[in-house]
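Encoded as structure tokens, the structure appears first; notes follow it.
Protein chains get the first letters and strands the later ones, always in sequence-line order, with residue 1 at the start of each.
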2 protein chains.
Amino acid sequence: MPLEMTPSQALGLWHAVSLSQVRSEAHDLTLRQMAILLQIYLVPPPHTVRGLAATLNVTKPVITRALDTMGAMGLVDRVRDDKDRRNVIIKRTVAGALYLEKLGDVVIAEARQLPY
Amino acid sequence: MPLEMTPSQALGLWHAVSLSQVRSEAHDLTLRQMAILLQIYLVPPPHTVRGLAATLNVTKPVITRALDTMGAMGLVDRVRDDKDRRNVIIKRTVAGALYLEKLGDVVIAEARQLPY
DNA sequence: CCACAATGATACGGAGCCGAAACGTTCACG
DNA sequence: CGTGAACGTTTCGGCTCCGTATCATTGTGG
């Protein structure tokens with residue numbers, strides 16, 4: 001069965017999680033970076049710069065730069081495609097999976113504490 | 001009864017909403033700005049710069065600048081407190097309420113479309 | 001072969017946000 | 001009064017991100 005929420009619950013959840021992120025995180029990701037990261041980890045591979053740019057409706061440099069930043073954080077990895085060496089395949093990392101796992105935990109915890 | 005979610009649902013929801021925000025919104029708010037806006041609209045007034053800074057665990061200039069930006073968008077308003085003219089009371093606006101109402105709709109819609 | 005398309009990365013100027021520090025105004029109180 | 005504290009704002013230099021345009025590399029088709 002689908003997940004049903006009231007408007008109060010929806011905004012309350014967004015509020016609680018955003019607040020938690022702002023309070024705790026020193027280096028928080030941009031909304032775009034977060035969307036890219038979630039896309040990489042929740043949608044079946046392969047992921048390419050071009051594909052992500054099309055999916056998110058942004059330009060390619062946005063993806064390249066986001067991958068630079070998140071790559072430096074160890075959240076994602078890049079590998080050249082040997083079948084077509086123009087492509088770059090974006091790979092998941094343990095650190096990235098752990099990062100999103102923690103995010104999921106926060107969402108679940110805040111949802112549970114929501115007033116009815 | 002509290003809102004119960006699986007890890008897959010939690011991340012899937014965050015993914016869907018983030019994606020929706022990135023795709024649609026030309027001028028998207030920072031995570032901090034979003035947290036401030038939600039705090040203003042979901043927590044009973046009055047709201048002050050100092051109070052918001054303490055709640056979000058950020059410095060005062062962060063709040064001032066966020067209010068500048070969101071004020072220019074019409075999402076919030078500022079009024080001097082006549083009881084203590086050092087204070088600035090942050091006021092809600094119709095545009096701000098509408099903005100968050102739409103956000104809530106997106107969250108609810110995406111939650112309903114989530115795979116089980 | 002060779003011109004052309006496709007892919008991702010880079011250069012560049014511009015804009016926004018950041019933290020730390022200093023500032024102007026307003027209040028409290030001796 | 002007048003000294004100091006409280007509050008919000010502004011200033012400053014620095015960093016990151018942005019969009020456009022351009023680039024190097026690699027594949028494709030005549």
What is the distance, to the nearest angstrom, from the [atom1] atom on [X] to the [atom2] atom on [N]?
X	N	atom1	atom2	value
A/Asn57	D/dC18	CG	P	14 Å
A/Arg32	D/dT16	CZ	P	18 Å
A/Asp81	D/dT26	CG	P	13 Å
B/Ile36	C/dC17	CD1	P	11 Å
A/His47	C/dT7	NE2	P	17 Å
A/Lys83	D/dT28	NZ	P	13 Å

task = Please say which of A/Thr64, A/Val62, A/Asn87 ends up in a side chain to side chain contact (heavy atoms under 4.5 Å, CB included) with A/Val49.
result = A/Thr64

ask   = Where do B/Tyr99 and B/Leu37 land on the side-chain contact (heavy atoms from CB on, under 4.5 Å) test, with the steps shown first?
value = CA-CA 10 Å; B/Tyr99 180 91; B/Leu37 193 65; 3.8 Å; yes

message = I'd like to know if the side chain of A/Thr30 reaches the main chain of A/Gln33, judged simply by a donor and an acceptor atom lying under 3.5 Å from each other, with no hydrogens or angles considered.
response = no

message = As a test of reading the structure: which of C/dT26, D/dG27, C/dC18 is closest to the side chain of A/Arg85, going by heavy atoms?
response = D/dG27

request  = Please answer: with hydrophobic residues joined when any side-chain heavy atoms are less than 4.5 Å apart, are A/Ile89 and A/Leu56 in the same cluster?
outcome  = no

inquiry  = Hydrophobic clustering (ILVMFWY, side-chain heavy atoms < 4.5 Å, transitive) - are B/Val76 and B/Val88 grouped together?
reply    = no

Collect all protein-nucleotide pairs involving nucleotides 6-11 of chain D in which both atoms are nitrogen or oxygen and the distance is under 3.5 Å.
residue, atom, partner, partner atom, Å
D/dA6, O4', B/Arg86, NH1, 3.4
D/dC7, OP2, B/Arg50, NE, 2.8
D/dC7, O3', B/Asn87, OD1, 3.3
D/dG8, OP1, B/Val49, N, 3.4
D/dG8, OP2, B/Arg50, N, 2.7
D/dG8, N7, B/Lys60, NZ, 2.7
D/dT9, OP1, B/Arg78, NH1, 2.9
D/dT9, OP2, B/Thr64, OG1, 2.9
D/dT9, OP2, B/Arg78, NH1, 3.3

message = Does A/Arg92 have more than 12 heavy atoms from other residues, nucleotides or ligands lying within 6.0 Å of its CZ?
response = yes

ask   = Would you say D/dC17 has OP1 or OP2 under 4.0 Å from some side-chain N or O of A/Thr69?
value = yes

query = D/dC17 phosphate, OP1 or OP2: any side-chain N/O from A/Gln33 under 4.0 angstrom?
reply = yes

